[in-house]
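Worksheet for the structure shown next.
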Amino acid sequence: MLELISLHNVCKHYRTRAGVVRALDNVNLTVNEGEFVAVIGRSGSGKSTLMNILGCLDVPGSGCYRLAGQDMSRCAESHRALVRGKQIGFVFQGFHLIPSLTAQENVELPLLYRGLTKEERRCRATESLTQVGLAQRTTHRPCELSGGQQQRVAIARAIAAEPSLILADEPTGNLDTASGREVMAILHELHRQGKTVVLITHDPAIADEAGRRICIQDGRVVQ
C-alpha cells in the first residue's frame, strides 16, 4: 500500500503565561492510502492540533509532515489552501453549514472556488447529496433539517470535490445514537469506495469501528 500521510518527529508547542504547552511532542505516524484510522484521546490530548496539521490548516513547529509525498511543513499558505481544496474533505462536529443557503447551495459553494462551471457544480452536489441519502432535501435550509441530516449535508460537501482523504473531527459528537450510526455507515461506505478516512474521536466505541486505532495522550502517540 502507498503511504498517504507521514509525520516524522512532529512537534507543536505553544508558549503561555503558565509556560510551554506541548500540544504535539515528537509525533511519528503513517497512514496508508485506503486505511480507516481512528485517532482517540481525551480533551486536551492534542487531537485537534493533530487534525489541523493533517488538514493543512496549520504547520508543525518542527519535524516533517508529508501528504502524498509533498512536504507540507514548509509550504506557503496559498499552496496549502490548494491542497485542502483538492485533496482533503473535512467533516466537523459542528457541521459548519451556512444557514441562509440550501443543502444544494452549501455543497456547491466550495466547488465555486475550484472554478467548476455552474452545471458541474450542480451535478456534483446532486450526486453527493444522493449518495448520503438526501436527494429529497436539496432545497431545504439547515434549520429545516435534523442534526443528522445536517451532518450528512456536511459529508456531501466534503466528498463533492472528490478528495482522496476524509478528515472527520468528532462527526457524531452532536448527534443522537441513531443519527450517529447513519453517519458512521456513510463513512464506512466511503472507505469501501477507496477513500482514506481519518476519524478524530474521544469515544472508544466509535474508535473501535476503524481498521486501526491510534491513541494520543499529552501530545504523544502512546499506542
Side-chain angles (χ1 to χ4, degrees), residues 1-8 10 12 24 27-41 46-60 63-96 107 109-111 113-114 116 124-125 127-128 131-132 151-173 183-201 206-207 209-214 216 221:
M1 298 177 69
L2 296 177
E3 190 174 88
L4 180 64
I5 288 170
S6 173
L7 287 84
H8 181 66
V10 165
K12 189 70 176 182
L24 292 179
V27 170
N28 293 280
L29 175 65
T30 59
V31 177
N32 293 325
E33 288 184 356
E35 277 200 277
F36 190 150
V37 175
V39 178
I40 184 169
K47 301 190 308 298
S48 295
T49 303
L50 178 61
M51 169 81 166
N52 288 340
I53 289 175
L54 293 180
C56 300
L57 297 167
D58 199 357
V59 294
C64 178
Y65 168 43
R66 292 185 181 275
L67 177 63
Q70 292 187 74
D71 185 354
M72 308 306 301
S73 311
R74 296 165 182 81
C75 288
E77 165 56 22
S78 57
H79 181 69
R80 287 189 285 118
L82 287 174
V83 171
R84 288 196 300 269
K86 292 182 178 180
Q87 294 183 239
I88 305 172
F90 294 92
V91 181
F92 296 102
Q93 179 177 347
F95 317 143
H96 293 185
V107 176
L109 186 59
L111 301 177
Y113 301 117
R114 290 194 58 189
L116 274 67
R124 285 205 190 182
E127 289 172 1
S128 298
Q131 187 172 350
V132 299
Q151 189 61 294
R152 282 189 276 159
V153 173
I155 294 174
R157 180 183 58 194
I159 64 177
E162 301 177 349
S164 57
L165 172 63
I166 303 293
L167 289 180
D169 188 7
E170 300 281 6
T172 64
V183 165
M184 288 304 297
I186 293 170
L187 292 176
H188 281 296
E189 178 58 29
L190 291 171
H191 175 237
R192 282 191 288 271
Q193 293 172 9
K195 301 293 186 186
T196 304
V197 180
V198 177
L199 170 70
I200 310 292
T201 185
I206 294 295
E209 293 193 34
R212 180 158 63 105
R213 186 164 82 161
I214 296 166
I216 187 166
V221 172

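The basis for the numbers below is simple: all heavy atoms, side chains too, and nothing from hydrogens, waters or symmetry mates. Index from 1, following the sequence. Keep in mind it's a predicted model, so treat the numbers as computed, not measured.
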Between CD1 on residue Ile216 and NZ on residue Lys47, distance to nearest 0.5 Å:
8.5 Å
Would the distance check show the side chain of Arg66 and the main-chain N or O of Ser6 forming a donor-acceptor pair, the cut-off being under 3.5 Å?
no
Would you call the rings of His191 and Phe36 parallel, tilted or perpendicular, where under 30° means parallel and over 60° means perpendicular?
perpendicular
Lys195 side chain to Leu190 main-chain N or O, any donor-acceptor pair under 3.5 Å?
no
Which is it for Leu7 and Leu50 under the side chain to side chain contact (heavy atoms under 4.5 Å, CB included) test, yes or no, and what are the steps along the way?
CA-CA 10 Å; Leu7 287 84; Leu50 178 61; 3.7 Å; yes
Looking only at heavy atoms, what is the nearest atom pair of Ala68 and Gln87, with distance?
CB-NE2, 3.8 Å
Min side-chain heavy-atom separation Pro60-Leu24 under 4.5 Å:
no
So, taking the atom named CZ in Arg192 and the one named CG in Leu187, what distance separates them when rounded to the nearest 0.5 Å?
10.5 Å
Does Arg213 reach the main-chain N or O of Ala207 with its side chain, forming a donor-acceptor pair under 3.5 Å?
no
Quick one: are Val183 and Val91 in side-chain contact, heavy atoms under 4.5 Å?
no
Would a distance-only check, ignoring hydrogens and angles, find a side-chain to backbone donor-acceptor pair under 3.5 Å from Lys12 to Val59?
yes
Side chain to side chain, Ile5 and Thr196, heavy atoms closer than 4.5 Å
no
Identified side chain to side chain contact (heavy atoms under 4.5 Å, CB included) partner of Phe90 from the options Asp169, Leu57, Ile166:
Leu57
Would Asn28 and Val221 count as a side chain to side chain contact (heavy atoms under 4.5 Å, CB included) here? Give the steps.
CA-CA 8 Å; Asn28 293 280; Val221 172; over 6 Å; no
Working to the nearest 0.5 angstrom, can you tell me the gap between Ile88 CD1 and Arg80 CZ?
10.5 Å
Please tell me whether Glu127 and Gln131 have a donor and an acceptor in their side chains that are separated by less than 3.5 angstrom.
no
Between Cys56 and Leu67, the two heavy atoms sitting closest are SG-CD2, 4.2 Å
Could you tell me the separation between the CD atom of Glu162 and the CG atom of Leu111, rounded to the nearest 0.5 Å?
9.0 Å
Shortest non-hydrogen contact between Pro163 and Gly89, atoms and distance
CB-N, 3.6 Å
Thr201 and Thr172, any side-chain heavy atoms less than 4.5 Å apart
no
Do side-chain atoms of Arg124 reach the backbone of Ala160 as a donor and acceptor pair under 3.5 angstrom?
yes
Minimum heavy-atom distance between Gly63 and Ser73, given as atom pair plus value:
O-OG, 3.6 Å
Taking the side chain as C-beta and beyond, is there a heavy-atom pair between Glu35 and Leu4 under 4.5 Å?
no
Separation between CZ (Arg114) and CG (Leu82), nearest 0.5 Å, reads 10.0 Å
In terms of heavy-atom contacts, Ala156 and Ser128 come closest through O-CB, 3.4 Å
Without swapping roles, check the side chain of Gln151 against the backbone of Pro171 for a donor-acceptor pair under 3.5 Å.
yes
Reported CD1-to-CD distance for the pair Ile159 and Gln193, which is rounded to 0.5 angstrom:
7.5 Å
Would the distance check show the side chain of His8 and the main-chain N or O of Tyr65 forming a donor-acceptor pair, the cut-off being under 3.5 Å?
no
Taking Arg157 for its side chain and Pro110 for its backbone only, find out whether a donor-acceptor pair lies under 3.5 Å.
no
What residue among Glu170, Met184, Glu209 forms side chain to side chain contact (heavy atoms under 4.5 Å, CB included) with Leu199?
Met184
